[in-house]
Protein chains: 2
Amino acid sequence: MTSSATTRTEPDLSFLLDHTSHVLRTQMAAALSEIGLTARMHCVLVHALEDERTQARLAEIGDMDKTTMVVTVDALEKAGLAERRTSARDRRARIIAVTEKGAQVAAQSQAIADRVHEEALGALPEAEREALLRALNLLAEGHLATPAESPRPARRARRES
Amino acid sequence: MTSSATTRTEPDLSFLLDHTSHVLRTQMAAALSEIGLTARMHCVLVHALEDERTQARLAEIGDMDKTTMVVTVDALEKAGLAERRTSARDRRARIIAVTEKGAQVAAQSQAIADRVHEEALGALPEAEREALLRALNLLAEGHLATPAESPRPARRARRES
DNA sequence: TATTGTTATACTCTATAACTATA
DNA sequence: TATAGTTATAGAGTATAACAATA
């Protein structure tokens, strides 16, 4: 579901943020899927291209769990866009090396991502556009910087086998 | 994960919307959990209180699947906040009737939701606050009104048993 | 025949735990 | 001992299908 799961009696920030982020995410996913990428694959590809980075570092940048990163790198390798290389400095770590094809795809995916963002922002008058980005940046760096503690109980330990 | 799973090379609307909506959602969930509600329970409770509504109608308002609504109404009934009543007009349908206790809780949960929103918006200067709401409303009603088609293949049919 | 709500269950996503290999 | 990455799998969330009651 789209998750507007809060009321709408007045200026409902929850609804607005949930809805716009959800729709933008579907647009991004649809656009990237045309070249066979997920948003996560795009994210890892671009940041692996910028610098020699390990899976752990890339997971940190993209705010993914390391196990999610395994799946993402598997997909990139399978598509021939990146390769795991044992780090010379720390033989436990894997550097994600982007292939030539991967670099080409990364350029395409970055262009796609930029286009999707420009189309959304372009739908706003110049003044609102800047104000939106300024306000969201303020929130993201301030009051909405870090997630609240989850009210849900921690997951139970695995059953004895 | 927090899902900033797109790059951050420039003004990254995806990251900003995903991040702020995620954090606000955790704040809302944490705040509502103090009175034993989820965001969905709050949403259903408030809209059931406004008018005589069936599960199907409430599901539509909250953008939930009807099977998700079953679970949500089960929780509300179990907590003594609402009851299912067979509609007199259409005996297939169930009107969600809010109990007295449910009405009290709805007032509390609405106050909590308002507070969470006010705290976030209050962290912004007056001018940015209005601009943010204006810009988000424009997007939500315009370019980011409806989700793009899912690029994922439809779910396979259930296996023969 | 179509629709409301229910049950059962399948699929996706994400995270925890345990493991291997290094450090 | 601790960390990088892997595997297996648990749990949450959600959606599909089939069904009963009613329209």
Side-chain angles (χ1 to χ4, degrees), chain A residues 1-5 18 22 25-26 29 38-41 44 48 52-77 82-96 147 150-161, chain B residues 1-5 18 22 25-26 29 33 38-41 44 48 52-60 62-77 82-96 147 150-161:
Chain A
M1 67 146 201
T2 313
S3 147
S4 69
D18 282 353
H22 171 71
R25 189 193 292 250
T26 66
T38 62
R40 272 205 270 266
M41 287 166 78
V44 170
E52 279 214 344
R53 285 176 171 144
T54 64
Q55 285 190 205
R57 178 71 187 116
L58 290 167
E60 190 190 344
I61 291 173
D63 196 14
M64 290 174 232
D65 192 86
K66 63 180 181 175
T67 60
T68 305
M69 179 59 62
V70 170
V71 179
T72 306
V73 174
D74 285 351
L76 289 173
E77 276 201 323
E83 291 167 8
R84 287 172 166 96
R85 294 202 189 139
T86 300
S87 167
R89 266 179 284 170
D90 183 343
R91 290 162 50 89
R92 291 172 303 181
R94 306 275 176 273
I95 301 290
I96 302 308
S150 169
R152 277 173 295 193
R155 186 177 297 184
R156 274 156 274 165
R158 196 193 289 195
R159 257 181 320 192
E160 295 288 320
S161 61
Chain B
M1 66 145 201
T2 311
S3 148
S4 69
D18 282 353
H22 170 71
R25 186 193 293 251
T26 65
S33 78
T38 61
R40 271 204 272 265
M41 288 164 78
V44 170
E52 279 214 346
R53 286 176 170 144
T54 65
Q55 285 190 205
R57 178 69 186 118
L58 290 166
E60 190 190 344
D63 196 16
M64 292 174 230
D65 192 86
K66 62 179 179 174
T67 59
T68 305
M69 179 58 62
V70 170
V71 178
T72 305
V73 175
D74 284 351
L76 288 172
E77 275 202 324
E83 290 167 9
R84 288 172 167 95
R85 294 202 187 136
T86 300
S87 167
R89 265 178 286 170
D90 183 343
R91 291 162 51 88
R92 293 171 303 180
R94 305 276 176 271
I95 301 288
I96 303 308
S150 168
R152 277 174 295 192
R155 185 178 299 184
R156 276 157 272 163
R158 197 193 290 193
R159 257 181 320 191
E160 295 288 322
S161 61

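Order of the sequence lines fixes the chain letters, A, B, ..., with proteins taken first and strands second; residue numbering starts at 1 for each chain. Side chains included, hydrogens not; waters and symmetry mates left out as well; all remaining heavy atoms used.
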Fill in: Atom pair CG (A:Leu76) and CE (A:Met41), whose distance is rounded to the nearest 0.5 Å
4.5 Å

Worksheet entry | Non-hydrogen side-chain atoms of A:Arg94 and A:Thr86 separated by less than 4.5 Å | yes

Worksheet item: Between A:Ile95 and B:Val71, who's closer to the 5' end of DNA chain D by nearest nucleotide?
Response: A:Ile95

Discussion item. Under 3.5 Å, is there any donor-acceptor pair linking the side chain of A:Thr67 to the base of C:dA15?
Written reply: yes

Worksheet entry | Flag side-chain contact, heavy atom, 4.5 Å: B:Ile96 against B:Arg84 | yes

Worksheet item: Nearest nucleotide by nearest heavy atom, which residue falls closer to the 5' end of DNA chain C, A:Lys66 or B:Arg57?
Response: B:Arg57

Worksheet, complete the sentence: Side-chain contact check for A:Gln55: nearest option of D:dA4, D:dT6, D:dT16 is D:dT6

Discussion item. Tell me the interatomic distance from A:Met64, atom CE, to D:dG5, atom P, rounded to whole angstroms.
Written reply: 13 Å

Discussion item. Can you measure A:Glu60 atom CD to D:dT3 atom P for me and round it to whole angstrom units?
Written reply: 14 Å

Worksheet entry | Heavy-atom donor-acceptor pair, A:Gln55 side chain to A:Met69 backbone, under 3.5 Å | no

Worksheet item: Atom NZ in B:Lys66, atom OG1 in B:Thr54: separation rounded to 0.5 Å?
Response: 12.0 Å

Which protein N or O atoms sit under 3.5 Å from an N or O of nucleotides 20-23 of chain C?
unit_1, atom_1, unit_2, atom_2, d
C:dA23, OP1, A:Arg91, N, 2.9

Worksheet entry | Given D:dA4, C:dG5, C:dA15, the nucleotide with the shortest approach to the side chain of A:Ala56 | D:dA4

Worksheet item: B:Met69 CE to D:dG13 C1': how many Å, rounded?
Response: 15 Å

Worksheet entry | Rounded distance (nearest 0.5 Å) linking atom CG of B:Asp63 with atom CG of B:Asp65 | 10.0 Å

Response to the item:
note: A:Asp65, atom CG; D:dA10, atom P; distance rounded to Å ~ 17 Å

Practice prompt. Using whole Å, report how far CZ of A:Arg53 lies from P of D:dG5.
Written response: 14 Å

Worksheet, complete the sentence: To the nearest angstrom, the CG-C1' distance between B:Leu58 and C:dT4 comes to 13 Å

Worksheet item: Taking all atoms of both residues into account, what is the closest heavy-atom pair of A:Leu58 and A:Ala48, and its distance?
Response: CD2-N, 3.7 Å

Discussion item. Taking 4.0 Å as the cut-off, does a side-chain nitrogen or oxygen of A:Arg84 come that near to OP1 or OP2 on D:dA4?
Written reply: no

